[in-house]
Amino acid sequence: MKPGLAVVIVGEDPASQVYVASKSKMAKECGFHSVQHTLSADISEAELRALVADLNADPAVHGILVQLPLPQHIDSGAVIRTIDPDKDVDGFHVVNVGRLGAGELDGAFVPCTPAGAMLMIERARGRDLSGLSAVVIGRSNIVGKPMAALLLSVDCTVTIAHSRTPDLEATCRDADVLVVAVGRAEMVRGSWIKPGATVIDVGINRVSGVYGKSHLVGDVHFDSAAEVAGALTPVPGGVGPMTVACLLRNTLVAARAQLAGGAA
Ligand code: NAD
């Protein structure tokens, strides 16, 4: 049987459409059973939860992803809590959040963006990250908090910085590992970075360039940061593809666990 991934998208958010298309395309390319449900923005929360319940019961679907953000009239938390935790390949259900927070990583689905970032940090610095100073800018449930939990689980000394952090530059300059997940184009400059640091740029920002053509940049100013950092991920082409790869990995793990009749 093929691993099955169901992706649910509600509404017309252009960025979400791009992310979902790349996830579904990659799932198909890897030979997964891939289904996409594209729903109108005015769908009710009850209808959306009923769809998720159907997917929970579908034996051909091993992983379910509900693309966020959802329209304002829908309680995202309630929808995510409807997903069977054993099919929660995005790792956003409170059961998986709790497993990660408790350090029970073997049984947890870890959110795909921080999981992918972690693989790149280990590729740059080796698997022993013990004692390194890690700074995560951003405290979202999707990136910042799980990223910090992962870095803590490998014994980094972790600081979570955010919009109320007083001296962000000084905080960043202390980091051996710096993960930036803010959503502000090129905010972090080379002068903020400790020489040799590993820098993971999670941000995706569309900016208009010369001749009115728009393009994507990260939260890190690439050229100045590249002169100082030991390793630096590009945008696009860094964290994004790793996110998709980790989604497919989580789906494969879910499929194997469900076929074996146990939890992930
Ligand atoms: P979010 O808006 O939920 O959180 C942003 C965080 O940045 C907040 O915690 C806020 O406190 C902090 N922040 C805002 N302004 C700040 C400032 N001036 N200084 C310091 N901190 C500040 O965003 P998110 O969902 O965590 O996403 C962050 C970025 O990562 C976005 O650009 C998003 O598009 C991108 N993203 C990329 C991927 C991927 O696969 N590559 C996945 C998820 C998110």
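It should be emphasised that the depicted structure is a prediction, and the values quoted were computed from it without experimental measurement. Numbering starts at 1 and runs along the sequence shown. The figures here come from the full heavy-atom set of this structure, side chains too, leaving out hydrogens, waters and symmetry mates. Ligands are counted one by one from 1 in listed order, and the atoms in each one are counted from 1 as well.
- Ligand 1 places these atoms under 4.0 Å from at least one heavy atom of Ile137: 20 (C), 21 (N).
- How far CZ of Arg49 is from CG of Asp75: 7.5 Å, rounded to the nearest 0.5 Å.
- Contact annotation for Thr165 and ligand 1: no heavy atom of the residue comes within less than 4.0 Å of the ligand.
- Side chains of Gln36 and Lys23: no donor on one and acceptor on the other come within 3.5 Å.
- In summary, the atoms of ligand 1 found under 4.0 Å from a heavy atom of Thr243, numbered by their order in the structure, are 39 (C), 40 (O).
- Checking Arg206 against Ser214 by side-chain atom types alone, a donor-acceptor pair falls below 3.5 Å.
- At a heavy-atom distance under 4.0 Å, atoms from both the backbone and the side chain of Val182 approach ligand 1.
- Regarding atom 9 (O) of ligand 1, its nearest protein heavy-atom neighbour is Arg139 N, 2.8 Å.
- Among Cys172, Pro146, Ser163, Cys112, the residue whose heavy atom sits closest to atom 11 (O) of ligand 1 is Ser163.
- Here Asp176 pairs with Lys194 in a salt bridge; the nearest charged N to carboxylate O distance falls below 4.0 Å.
- Within 6.0 Å of CD on Glu12 lie no more than 12 heavy atoms contributed by other residues, nucleotides or ligands.
- One finds the OH atom of Tyr19 at 8.5 Å from the CG atom of Asp13 (value rounded to the nearest 0.5 Å).
- Among protein heavy atoms, atom 26 (O) of ligand 1 sits closest to Ser140 OG, 2.6 Å.
- For atom 36 (N) of ligand 1, the closest heavy atom belonging to the protein is Val202 O, 3.6 Å.
- Per-residue contacts place Gly138 under 4.0 angstrom from the following atoms of ligand 1 (heavy atoms of the residue considered): 6 (C), 7 (O), 9 (O).
- Heavy-atom contacts of Leu168 reach the following atoms of ligand 1: 19 (N), 20 (C) (cutoff under 4.0 Å).
- Residue Arg184 has at least one heavy-atom neighbour below 4.0 Å for each of these atoms of ligand 1: 15 (N), 18 (N).
- The protein non-hydrogen atom at the shortest distance from atom 29 (C) of ligand 1 is Gly183 N, 3.7 Å.
- Thr171 approaches Val135 most closely through the heavy-atom pair O-CG2, 3.5 Å.
- Of the listed options Thr113, Ile142, Val235, Thr113 places a heavy atom closest to atom 42 (C) of ligand 1.
- Annotation for ligand 1: atoms under 4.0 Å from non-hydrogen atoms of Val143 are 26 (O), 43 (C), 44 (C).
- No single ILVMFWY cluster, assembled from side-chain heavy atoms under 4.5 Å apart, contains both Val20 and Leu70.
- Side-chain contact check for Thr243 and Thr113: at least one donor-acceptor pair (N or O, by modelled atom type) lies under 3.5 Å.
- Nearest residue to atom 39 (C) of ligand 1 from Val244, Ile204, Leu216 is Ile204 (criterion: closest heavy atom).
- Hydrophobic clustering, with ILVMFWY side chains joined whenever heavy atoms are under 4.5 angstrom apart, keeps Ile193 apart from Val235.
- In this structure, Gly144 falls outside the shell of residues with a heavy atom less than 4.0 angstrom from ligand 1.
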